[in-house]
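Beneath this line is the structure, given in structure tokens, with notes to follow.
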Protein chains: 2
Amino acid sequence: MYLELRHLRSLQAIHRTGSLARAAEHLHLTQSALSHQIKALERHFALPLYHRRHRPLRLTAAGEELLALAERLLPEVAAAEQRLRRVAEGDSGRLHITIECHSCFEWLIPTLDRYRGRWPEVEVDIRLGTHFDPLPALARGDIDLVISSDRVALPDIAFAPLFDYEAVAVLARDHPLTARERLGPEDLREQILITYPVAEERLDVFTRFLAPAGVRPAAVRQSELTAMILQLVASRRGIAVLPDWVVADYLERDYVSARPLDTAGEAGEPGLRGTVYAAVRAAEAERASVAGFIALAREALALRGSSQS
Amino acid sequence: MYLELRHLRSLQAIHRTGSLARAAEHLHLTQSALSHQIKALERHFALPLYHRRHRPLRLTAAGEELLALAERLLPEVAAAEQRLRRVAEGDSGRLHITIECHSCFEWLIPTLDRYRGRWPEVEVDIRLGTHFDPLPALARGDIDLVISSDRVALPDIAFAPLFDYEAVAVLARDHPLTARERLGPEDLREQILITYPVAEERLDVFTRFLAPAGVRPAAVRQSELTAMILQLVASRRGIAVLPDWVVADYLERDYVSARPLDTAGEAGEPGLRGTVYAAVRAAEAERASVAGFIALAREALALRGSSQS
DNA sequence: CAAAATAATGAAATAATTTCATTATGTACC
DNA sequence: GGTACATAATGAAATTATTTCATTATTTTG
């Protein structure tokens with residue numbers, strides 16, 4: 001095991017240029033270095049590769065064999081290096097996405113469609129996993145992009161804000177609480193709260209609204225689908241807390257009512273506001289295929305905002 | 001231009017063994033060396049090849065690309081090295097033969113037939129060239145074996161004796177000179193000498209028989225074919241000097257007569273004796289395909305000798 | 001959370017490649 | 001045939017690359 005691509009490149013260059021000296025120039029070497037290299041090769045195989053009493057150097061049968069190998073292999077190597085260069089520039093590769101935000105499908109699917117058109121060489125996929133922690137999985141390379149609203153200080157992970165939202169309480173149209181302009185934690189104590197099937201510590205309504213006030217709702221029901229949650233709300237089986245833009249459509253159709261929350265404990269404007277981020281490995285944040293996805297997502301979200309208002 | 005087979009072999013070994021440490025063992029390296037090597041590769045391509053927070057090390061998209069290259073290339077390299085090893089051992093390659101001895105076809109053709117059976121991978125060919133000097137051509141690799149009776153002291157050329165012969169004068173059966181038991185140079189002064197179409201300085205009859213005595217025949221005629229020369233002799237158009245074994249058949253059939261020559265000037269037994277050699281490049285003399293040819297030729301010649309006597 | 005396994009790191013040692021300066025060899029031209 | 005030119009080979013020294021050693025950092029596993 002000794003033969004290296006260097007040797008094949010030399011063989012090929014000597015063949016192309018017809019002489020050691022000219023080949024050496026092409027390879028950015030001295031004639032001496034090439035001569036030594038070829039001799040070392042010959043010593044290794046215990047075979048002459050060139051007929052030495054011939055000027056222009058002529059290959060032996062063994063030399064022909066190696067040259068043929070070079071002609072077969074080197075184009076493949078060059079092609080692979082070319083592909084790698086494209087991966088390095090971020091024009092190809094893989095983009096496996098996980099969303100923590102259950103209601104994000106709405107804009108994600110059309111964004112992915114546009115993305116596939118622009119970067120056809122990137123293998124995109126959505127990895128749905130309620131069963132694993134997305135950020136560690138991102139760090140270790142299981143997935144490449146996480147859409148999430150909790151920003152954790154993690155080394156090597158970069159967070160790009162996608163959009164801001166305000167979580168609002170969603171109520172049946174004739175729910176007594178619609179009488180109030182803004183709901184506080186206490187207002188939920190007697191209520192049934194309907195959430196996505198996610199641990200409570202990962203739901204803002206618990207961590208930032210109820211828990212600080214030491215309130216627990218009367219019961220918690222869970223549902224995977226946004227439409228189902230709203231149906232439950234509309235039929236007075238409970239109330240939900242969802243991002244404003246998720247319920248916008250339903251409000252317009254007068255399917256349900258909504259009221260902002262009163263986060264008295266927090267600084268700044270009242271209301272349970274948050275930001276949805278795209279989290280990526282910092283090392284890859286600059287890559288065209290990654291930054292490109294984020295840009296497309298923002299475009300899609302901006303459009304949504306304008307059509308909504 | 002930096003990627004080397006070494007890198008591909010490493011990638012493959014890491015993939016096969018599942019860990020740097022075990023791969024390093026396989027490659028007869030330390031774990032540290034492999035780690036450095038991979039890191040240098042990543043630096044070169046400005047790309048991570050492995051997801052580092054993953055313990056059985058897992059390839060990135062770029063790494064997969066390179067591994068695929070390795071899986072494609074390395075078997076080809078191994079096969080080529082295998083073929084080279086066979087060439088080195090002399091089991092394949094090329095054997096281009098030139099004969100200086102015009103009458104050698106007789107045993108050469110059947111010998112080549114047997115040779116092809118034994119070394120089917122060797123490309124054999126007879127290169128007839130009255131137009132080039134065989135020994136320099138041999139030295140420079142244009143041809144691989146020369147059958148010749150003049151042994152020249154040349155570096156890097158080895159001479160293997162094939163058989164001894166005695167050149168005899170061939171005469172028409174009723175030629176007056178048949179009265180003599182042995183012919184001297186003077187006997188040829190009035191004769192027409194028929195030779196192969198070769199320069200006189202390369203014919204023993206001139207250099208070792210006539211020239212030392214300062215004799216020239218009355219005329220010289222040339223013919224390419226042995227049968228033609230003998231026909232001319234038989235029809236009294238001249239006399240020829242040929243190796244004994246060439247004329248043996250014709251003598252047996254009483255087609256012509258023959259008389260030995262009297263080389264009074266030379267030491268040892270009388271008669272214009274000589275040896276036919278196989279000349280090869282010294283570096284290749286030991287190779288099975290070369291030594292094998294010589295052995296087969298000697299066998300063929302030994303058989304001929306025995307059937308003749 | 002501790003222990004075990006595995007990989008990364010930096011500096012020093014080793015090995016390899018390359019260069020320089022020169023010699024040797026082959027080719028072409030007279 | 002010999003001389004000039006082009007080209008390749010050679011050996012020692014310098015440079016560069018690779019490998020190792022000793023150690024630390026990280027991840028996985030029980």
Side-chain angles (χ1 to χ4, degrees), chain A residues 1-7 9-11 13-15 17-44 48-60 63 132-133 135-142 154-156 283, chain B residues 1-7 9-11 13-15 17-44 48-60 63 132-133 135-142 154-157 281 283:
Chain A
M1 286 302 204
Y2 170 79
L3 185 71
E4 289 292 347
L5 289 179
R6 168 164 25 101
H7 300 127
R9 294 195 246 261
S10 297
L11 270 276
I14 295 170
H15 182 244
T17 62
S19 92
L20 267 199
R22 273 190 301 282
E25 260 190 274
H26 275 253
L27 299 164
H28 305 293
L29 284 177
T30 57
Q31 169 268 323
S32 174
L34 246 195
S35 175
H36 282 295
Q37 182 184 98
I38 298 293
K39 224 185 56 167
L41 240 199
E42 293 182 320
R43 210 175 319 120
H44 171 249
L49 298 176
Y50 290 94
H51 293 294
R52 264 21 194 286
R53 339 208 130 223
H54 216 275
R55 220 62 79 99
L57 240 42
R58 231 204 25 221
L59 289 163
T60 61
F132 64 89
D133 248 15
L135 258 20
L138 174 65
R140 65 167 52 172
D142 286 337
L154 224 52
D156 309 328
Chain B
M1 285 301 204
Y2 173 77
L3 185 72
E4 289 292 348
L5 289 179
R6 168 165 27 100
H7 300 128
R9 296 195 246 262
S10 297
L11 271 277
I14 294 170
H15 180 68
T17 63
S19 94
L20 267 198
R22 273 190 301 282
E25 260 191 90
H26 275 253
L27 299 165
H28 304 293
L29 284 177
T30 57
Q31 169 268 323
S32 174
L34 245 195
S35 175
H36 281 296
Q37 183 183 99
I38 298 294
K39 224 185 56 168
L41 239 198
E42 293 182 319
R43 211 176 317 121
H44 171 248
L49 298 175
Y50 290 93
H51 292 294
R52 263 23 193 284
R53 342 206 128 220
H54 216 273
R55 215 54 127 182
L57 237 41
R58 232 206 21 222
L59 290 163
T60 61
F132 65 89
D133 249 14
L135 258 21
L138 174 65
R140 66 169 51 172
D142 288 336
L154 223 51
D156 309 329
I157 300 292
R281 285 181 289 279

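A note on names: the letters A, B, ... follow the listed sequences, proteins ahead of strands, and every chain is numbered from 1.
Between atom CG of residue A:L49 and atom CG of residue A:L59 there is a gap of 7.5 Å, rounded to the nearest 0.5 Å. Rounding to the nearest 0.5 angstrom, the gap separating the CG atom in B:L27 from the CD atom in B:E25 is 10.0 Å. Between A:H36 atom NE2 and A:T30 atom OG1 the span is 8.0 Å, to the nearest 0.5 Å. To the nearest 0.5 Å, atom OG of residue A:S10 and atom CG of residue A:L41 are 8.0 Å apart.
Projected onto DNA chain C by closest heavy-atom contact, A:R6 and B:S19 fall at different nucleotides, the more 5' of which corresponds to B:S19.
Note: NE2 (B:H51) to P (C:dA7) measures 16 Å, nearest angstrom. As a whole-Å value, the separation of A:K39 NZ from C:dT17 P is 14 Å. Taking atom CG on B:L29 and atom P on C:dT6, their separation rounds to 18 Å, with Å as the unit. One atom, CZ of A:R52, and another, C1' of C:dT25, lie 12 Å apart when rounded to the nearest Å. As a whole-Å value, the separation of A:Y2 OH from C:dA15 P is 15 Å. Nucleotide C:dT25 holds its P atom 15 Å from the CD atom of A:Q31, rounded to whole Å. Here the P atom of nucleotide C:dA5 and the CG atom of B:L57 are 18 Å apart, to the nearest Å. For B:Q37 and C:dA16, the CD to P distance is 14 Å, given to the nearest whole Å.
B:H7 is not listed as a side-chain neighbour of B:H44, based on a closest heavy-atom distance of 4.5 Å or more. Taking 4.5 Å as the limit, some side-chain heavy atom of A:E42 sits within range of a side-chain heavy atom of A:R52. By the 4.5 Å heavy-atom criterion applied to side chains, B:R9 and A:E4 are counted as neighbours. A 4.5 Å side-chain heavy-atom check between B:K39 and B:S35 finds every atom pair outside the cut-off.
Here B:S35 lies in heavy-atom contact (under 4.0 Å) with a base. Within 4.0 Å (heavy atoms only), B:L34 reaches no atom of the nucleic acid at all. Base contact: A:S32 has a heavy atom under 4.0 Å from a base atom.
Atom NE2 of A:H15 sits in a sparse spot, with 12 or fewer heavy atoms from other residues, nucleotides or ligands closer than 6.0 Å.
Five base pairs at each end of the helix from C:dC1-D:dG30 to C:dC30-D:dG1 define two local axes, and these are offset by 50° (rounded to 10°).
OP1 or OP2 of C:dT6 has at least one side-chain nitrogen or oxygen of B:R22 nearer than 4.0 Å.
Here the range on DNA chain D touched by chain A, meaning any atom under 4.0 Å from one of its heavy atoms, is D:dT7 to D:dT28.
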